[in-house]
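Here is the structure we will look at, set down as structure tokens.
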Amino acid sequence: ETLISYLIFIKENVERDSSLVNMDELANVAIVMTNQGEKNPKKDNIHFTPLYGNKYDLMQKFPGYNWCLLDGVYIQNLSNSLDKQRWHRFFSKLGVTDFITVRPTSIELNSETVKDSAWEALAQLHPDDFKEGCVIEDYSCDELRDLLKENKTPQTYEAQMKSLVGILDQVWDSDFSRFTRTKLTRKDNKQEREVDASFSIWLKTLEWLPAIKASVSFEKNNIVKYRE
């Protein structure tokens, strides 16, 4: 309760005077309540539920991932939608998101470790980049990777992927297009190369895009019958 009251107090003061609190610094230390216990949004991927106005019900649309969701305790006594929007805005500044979270991270690779990474195919094209080691300033998304590769409810995989492609289509340009490319820097000569980020690689290489199942048969008089 102390942690909850602490954030409520900070939010009220920020709304009175935004200069009182550096939200970036607060994000580094803030502890918020979630369905998985106490979490820090700077380190942990935390998401809004529909209670906070999120139009994506992540648990319902994507049951194949164990989502970390912001607890509704902060707005449990609120009925005004504007008040809920203010809480959504406050937590957004701390790093809580409506959809999947893409994070920048530095990845060090060499000729051996690259074999178990998203850039295995790249190493076959440019092996010299990895001989003495390199650093990739990656954009990674654990949630996307696990949804595509380690989905916990495979029986609903097709429905989940239809939802995924629909949402990505809606918000791609505004939220995710900037995370597709990044740079690789060789350790031996500091030479740089533009490469795909792992976020982009998973989307391009994994078999996840929903497709129409169709069949073709030949009827009498050589008529071709197409069925979906």
Side-chain angles (χ1 to χ4, degrees), residues 23-24 27-28 39-48 54 56 58 61-62 64-69 91-152 157 160-211:
M23 295 299 290
D24 291 333
N28 289 324
K39 298 288 184 179
N40 171 247
K42 193 74 172 181
K43 301 175 182 177
D44 305 295
N45 299 332
I46 305 172
H47 306 279
F48 292 107
N54 188 355
Y56 310 124
L58 298 177
K61 286 185 175 294
F62 306 104
Y65 183 78
N66 186 25
W67 299 97
C68 183
L69 302 172
F91 279 119
S92 293
K93 292 178 180 178
L94 295 182
V96 181
T97 63
D98 284 330
F99 193 37
I100 55 176
T101 305
V102 180
R103 294 184 180 274
T105 180
S106 293
I107 307 292
E108 294 192 18
L109 296 171
N110 56 41
S111 297
E112 288 300 316
T113 57
V114 72
K115 296 176 182 177
D116 297 320
S117 77
W119 298 274
E120 181 181 9
L122 179 67
Q124 296 176 14
L125 292 174
H126 304 286
D128 289 345
D129 287 352
F130 298 88
K131 281 184 179 179
E132 301 299 326
C134 65
V135 177
I136 296 178
E137 301 299 332
D138 190 30
Y139 294 116
S140 65
C141 180
D142 295 342
E143 298 147 323
L144 177 73
R145 181 199 61 209
D146 289 351
L147 274 173
L148 301 185
K149 297 182 68 176
E150 301 176 15
N151 199 288
K152 298 181 184 300
Y157 188 83
Q160 293 178 69
M161 296 305 104
K162 286 181 179 179
S163 294
L164 178 61
V165 74
I167 296 175
L168 285 176
D169 182 58
Q170 293 172 16
V171 300
W172 181 260
D173 290 340
S174 60
D175 295 353
F176 296 108
S177 61
R178 63 186 182 276
F179 298 125
T180 58
R181 300 285 285 174
T182 187
K183 69 175 182 178
L184 174 155
T185 305
R186 290 172 55 162
K187 289 186 176 180
D188 55 352
N189 58 13
K190 303 303 179 183
Q191 181 178 338
E192 295 183 356
R193 182 188 303 278
E194 187 178 12
V195 299
D196 281 333
S198 63
F199 173 69
S200 176
I201 293 173
W202 299 139
L203 288 174
K204 288 181 178 180
T205 61
L206 296 179
E207 296 180 2
W208 68 277
L209 281 172

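The first residue in the sequence is number 1, and the count goes up from there. Values below: all heavy atoms of this structure, side chains included; hydrogens, waters and symmetry mates excluded.
- Taking each heavy atom of Glu143 and Trp67 in turn, the nearest pair found is OE2-CZ3, 3.9 Å.
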**OP:** Could you give me the CA-CA distance, side-chain angles and deciding distance for Asp138 and Ser198, then say whether side chain to side chain donor-acceptor pair (under 3.5 Å) is met?
**Re:** CA-CA 7 Å; Asp138 190 30; Ser198 63; 2.6 Å; yes
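- Using bins of under 30°, 30° to 60° and over 60° for the plane-to-plane angle, the ring pair Tyr56/Phe99 lands in the tilted bin.
- Summarising the geometry, atom CG belonging to Leu148 is positioned 4.5 Å from atom CG belonging to Leu144; distances are rounded to the nearest 0.5 Å.
- Formation of a donor-acceptor pair under 3.5 Å by the Thr113 side chain with backbone atoms of Leu109 is not found in this model.
- Here the closest heavy-atom approach between residue Cys68 and residue Asn45 is recorded as CB-O, 3.3 Å.
- Put simply, the side chain of Asn40 gets close to the backbone of Ala27: a donor and an acceptor are under 3.5 Å apart.
- The shortest side-chain heavy-atom distance between Asp142 and Thr101 does not fall under the 4.5 Å cut-off.
- A 4.5 Å side-chain heavy-atom check between Phe62 and Ser163 finds at least one atom pair inside the cut-off.
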Subject >> Verdict with reasoning, Phe199 to Tyr139, per ring-ring contact (aromatic ring centres under 6.0 Å, His included) >> reply: CA-CA 6 Å; Phe199 173 69; Tyr139 294 116; 8.7 Å; no
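- Side chain of Arg103 to main chain of Asp44: a donor-acceptor pair is present (N/O by atom type, distance under 3.5 Å, no hydrogens or angles).
- Under a 3.5 Å cut-off, the side chain of Arg178 and the backbone N or O of Ser174 do form a donor-acceptor pair.
- Contact detail for Ser106 and Val135: the closest heavy-atom pair is CB-CG1, 4.3 Å.
- For Leu58 against Asp98, the heavy-atom pair with the smallest separation is CD1-O, 3.5 Å.
- Separation of atoms NE2 (His47) and OG1 (Thr97) is listed at 4.5 Å; rounding is to 0.5 Å.
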**OP:** Determine, stepwise, if the pair Glu120 / Lys115 fulfils salt bridge (Lys or Arg N to Asp or Glu O under 4.0 Å).
**Re:** CA-CA 5 Å; Glu120 181 181 9; Lys115 296 176 182 177; over 6 Å; no
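- Going from atom CD1 of Ile136 over to atom SG of Cys134 covers 5.0 Å, rounded to the nearest 0.5 Å.
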**OP:** With side chain to side chain contact (heavy atoms under 4.5 Å, CB included) as the test, would you mind laying out the steps for Arg181 and Glu194 before giving the verdict?
**Re:** CA-CA 7 Å; Arg181 300 285 285 174; Glu194 187 178 12; 3.4 Å; yes
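- A salt bridge does not link Glu150 to Arg145: none of the charged nitrogens lies less than 4.0 Å from a carboxylate oxygen.
- The number of heavy-atom neighbours closer than 6.0 Å to NZ of Lys61, taken from other residues, nucleotides and ligands shown, is 12 or below.
- Thr185 OG1 to Glu192 CD: the interatomic distance, rounded to the nearest 0.5 Å, is 4.0 Å.
- Contact detail for Phe48 and Leu69: the closest heavy-atom pair is O-CD2, 4.3 Å.
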**OP:** Tell me, with the steps shown, if Glu108 and Lys187 meet salt bridge (Lys or Arg N to Asp or Glu O under 4.0 Å).
**Re:** CA-CA 10 Å; Glu108 294 192 18; Lys187 289 186 176 180; 2.8 Å; yes
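- A heavy-atom distance below 4.5 Å is not found between the side chains of Trp208 and Trp202.
- When the shell of 6.0 Å around CD of Glu132 is examined, it contains 12 or fewer heavy atoms from other residues, nucleotides or ligands.
- Below 30°, between 30° and 60°, or above 60°: for Trp172 and Phe176 the angle between ring planes is between 30° and 60°, a tilted geometry.
- Using a 4.5 Å cut-off on side-chain heavy atoms (C-beta onward), Arg193 and His126 make contact.
- With a 4.5 Å cut-off on side-chain heavy atoms, Leu184 and Gln191 do not count as touching.
- Rounded to the nearest 0.5 angstrom, Lys93 NZ and Asp24 CG are separated by 10.5 Å.
- Here the closest non-hydrogen pair linking Met161 and Asn151 is CE-ND2, 4.3 Å.
- With contacts defined as side-chain heavy-atom distances shorter than 4.5 Å, the pair Ile201/Lys204 does not qualify.
- One finds the CD1 atom of Ile100 at 8.0 Å from the CG atom of Leu147 (value rounded to the nearest 0.5 Å).
- Between Phe130 and Asn110 the shortest side-chain heavy-atom distance does not fall below 4.5 Å.
- Using a distance-only test at 3.5 Å, with no hydrogens or angles considered, no donor-acceptor pair links the side chain of Trp119 to the main chain of Ala197.
- When only modelled atom types and interatomic distance are considered, Thr182 and Glu137 share no side-chain donor-acceptor pair under 3.5 Å.
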